[in-house]
Protein chains: 2
Amino acid sequence: MANKTVIKILSDNNLKITPQRTAVLEVLMGLDNHPSAENIAEYLRMNFPHIPLATVYKILDVFVDKGIIKKVQTDNNQMRYDFVTENHHHLYCPEKELIEDYYDKELEELISSHLAKKTIPNFRIKDIQLQIIGEFINENK
Amino acid sequence: MANKTVIKILSDNNLKITPQRTAVLEVLMGLDNHPSAENIAEYLRMNFPHIPLATVYKILDVFVDKGIIKKVQTDNNQMRYDFVTENHHHLYCPEKELIEDYYDKELEELISSHLAKKTIPNFRIKDIQLQIIGEFINENK
DNA sequence: ATAATTGCAAAAGCTTTGCATGGCC
DNA sequence: GGCCATGCAAAGCTTTTGCAATTAT
C-alpha cells in the first residue's frame, strides 16, 4: 500500500490513484537527482518489471500539468523532472550531466523583489528559473 | 562577399571561412528570434536552396564550442540558438513558444555580486542563465 | 457504468553519425 | 597537398500518438 502523502497529493489534484502513479510519484519524491523519464523507469522496474516508457511519460505529463513536478531542461535535449518543493534553483554541470538543487532564500528574495519593482512591459511573470552553469570540483561526482 | 564582422569572428576563432558558415553566422546575428536549427535553415535557403539540416547542425555545434553562440533550451525539447552579445536573460512564453531577450544590467549586477559573496562550495560558476517564464500580453505576438 | 488510465506498437521529431566528395589555407 | 567542411543518407534517441483493454471511482 502506497504512502499517505503520495495519495494525498494525487487526490488533492483530482487524479485517480493508480499503482503506476503512486510509484512514479514516490520515485520522484525519493530522488533529488532530477531524473529523466528513463531514469524513473529504471527505478519503477523494481516493482513494475515491464512498465512502458510511454506510460511514464504520460504520467509525468499529467504531473507537470498539475504543477506537482517541474520539467528541467538540460542542453542535451533530454527532459529531466523535479518534484516541486520550495522555490529553488539549479546548479548544472553539462560535462558530468549533473543537476543539483540550489537553495538560496536571499537570492530568491533579491530577484523577485527586483522584478516586482521593475515590471516588464507586456509580460506577466509566472515563474523564475535560474540555472547556474559550471563545474563540480573535487566532490567525487 | 560576406560581411567583414562575420569574417573576423570566424578567423578570430580559427575557423575556416566557408560560405555556409558566414551565412549561418549572418542569420544568427540578424535575428533576435532565438531561432531553431530549422528556422535558420529556412533563412539559409534563400541563398542555399538545398542546404542540409545536418550541415546547419554541424556548423551550430562548432559555433557553440567556440562560444560564438549559445544554446537556449525550451520545454518542448528543441534547441534554439542565440548569438552571444552582452549578458542578458530570457523571457520565455511556453504557450506561444516565444523567447525574448531581457536586458537588465542592475539585475545582472545583483545576482553576480550576491553569488560572488556566497561562493558555492565545490562549484565553479561559468555562466548564469535566468529564464523568466510567463506570458506575453496584448502585444500581438 | 463510465470515464480515465494503462500498455503496446508504431510513428514523429529533432539531432547525430559515417563516409565520400569537395573546398579552404 | 593536406586537412577540414560539406552533403547526403541513414540511424539514433527521446518523446508522442492512437487505440484497444483494463481499472478506478
Side-chain angles (χ1 to χ4, degrees), chain A residues 1-2 6-25 27 34-42 44-45 47-66 68-81 94 97, chain B residues 1-2 6-25 27 34-42 44-45 47-66 68-81 94 97:
Chain A
M1 186 57 195
V6 162
I7 299 211
K8 178 159 171 32
I9 293 173
L10 294 177
S11 59
D12 283 355
N13 283 281
N14 299 314
L15 294 175
K16 282 190 187 167
I17 290 150
T18 69
Q20 293 84 342
R21 281 182 178 164
T22 55
V24 169
L25 193 47
V27 170
H34 308 78
S36 64
E38 177 60 51
N39 296 151
I40 294 167
E42 279 167 34
L44 291 175
R45 288 191 195 109
N47 302 309
F48 298 84
H50 303 301
I51 192 161
L53 257 182
T55 300
V56 177
Y57 277 108
K58 282 173 188 166
I59 291 174
L60 291 171
D61 281 352
V62 172
F63 288 178
V64 170
D65 263 16
K66 295 289 189 180
I68 300 170
I69 63 175
K70 274 192 194 175
K71 280 187 173 184
V72 187
Q73 312 97 264
T74 65
D75 65 0
N76 65 171
N77 50 285
Q78 198 192 33
M79 286 296 148
R80 294 171 63 174
Y81 298 86
E97 299 193 352
Chain B
M1 186 56 195
V6 163
I7 299 212
K8 180 158 169 30
I9 293 174
L10 294 177
S11 58
D12 284 355
N13 283 282
N14 299 312
L15 294 176
K16 282 189 187 168
I17 289 149
T18 69
Q20 292 84 344
R21 280 182 179 163
T22 55
V24 170
L25 194 46
V27 170
H34 308 79
S36 65
E38 178 60 51
N39 295 150
I40 294 167
E42 279 167 34
L44 292 174
R45 288 193 194 108
N47 302 309
F48 298 85
H50 302 301
I51 193 159
L53 255 183
T55 299
V56 177
Y57 277 109
K58 283 174 186 165
I59 291 174
L60 291 170
D61 281 350
V62 173
F63 288 178
V64 171
D65 263 14
K66 295 288 189 182
I68 300 170
I69 63 174
K70 275 192 195 177
K71 279 186 172 182
V72 188
Q73 314 96 263
T74 65
D75 66 1
N76 66 167
N77 50 285
Q78 197 192 33
M79 288 295 147
R80 295 172 62 172
Y81 298 87
E97 298 194 352

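In what follows, every chain begins at residue 1, and chains take the letters A, B, ... in the order their sequences are listed.
Atom CG of B/Leu60 and atom P of C/dT17 are 15 Å apart (whole Å). Straight-line distance from the CG atom of A/Leu53 to the P atom of C/dA11: 18 Å, rounded to whole Å.
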Stepwise side-chain contact (heavy atoms from CB on, under 4.5 Å) check, A/Arg45 with A/His50: CA-CA 7 Å; A/Arg45 288 191 195 109; A/His50 303 301; over 6 Å; no
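To the nearest 0.5 Å, atom CD1 of residue A/Ile9 and atom CG of residue A/Leu15 are 10.5 Å apart.
Every residue two or more places apart in sequence or in another chain was checked for a side-chain hydrogen bond (donor to acceptor under 3.5 Å, both in side chains) with B/Asn14, and none qualifies. Remark: B/Lys70 pairs with B/Asp127 by the salt bridge (charged side-chain N to carboxylate O under 4.0 Å, His left out) rule, at least two apart or across chains. Residues satisfying the side-chain hydrogen bond (donor to acceptor under 3.5 Å, both in side chains) test with B/Asn77, not counting sequence neighbours, are none. Among residues two or more places apart in sequence or in another chain, the side-chain contact (heavy atoms from CB on, under 4.5 Å) test is passed with B/Val64 by B/Ile69, B/Lys71, B/Tyr81.
Along DNA chain C, the nucleotide nearest B/Ile17 and the nucleotide nearest B/Met79 are compared for position; the residue whose nucleotide lies closer to the 5' end is B/Met79.
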Would you tabulate the nitrogen or oxygen pairs shorter than 3.5 Å linking the protein to nucleotides 3-7 of chain C?
from  : atom 1 : to      : atom 2 : distance (Å)
C/dA4 : O4'    : A/Lys16 : NZ     : 2.9
C/dT5 : OP1    : A/Arg21 : NH1    : 3.0
C/dT5 : OP1    : A/Arg21 : NH2    : 2.7
C/dT5 : O5'    : A/Arg21 : NH2    : 3.2
C/dT6 : OP1    : A/Thr18 : OG1    : 2.6
C/dT6 : O3'    : A/Gln20 : NE2    : 2.8
C/dG7 : OP1    : A/Gln20 : NE2    : 3.0
C/dG7 : O6     : A/Lys58 : NZ     : 2.5

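Scanning all heavy atoms of the two residues, the minimum distance from A/Arg80 to A/Thr74 falls at CD-CG2, 3.6 Å. Closest approach of B/Glu38 to B/Leu53, counting heavy atoms only: OE1-CD1, 3.4 Å.
The footprint of chain B on DNA chain D, defined by a heavy-atom cutoff below 4.0 Å, extends from D/dC3 to D/dT15.
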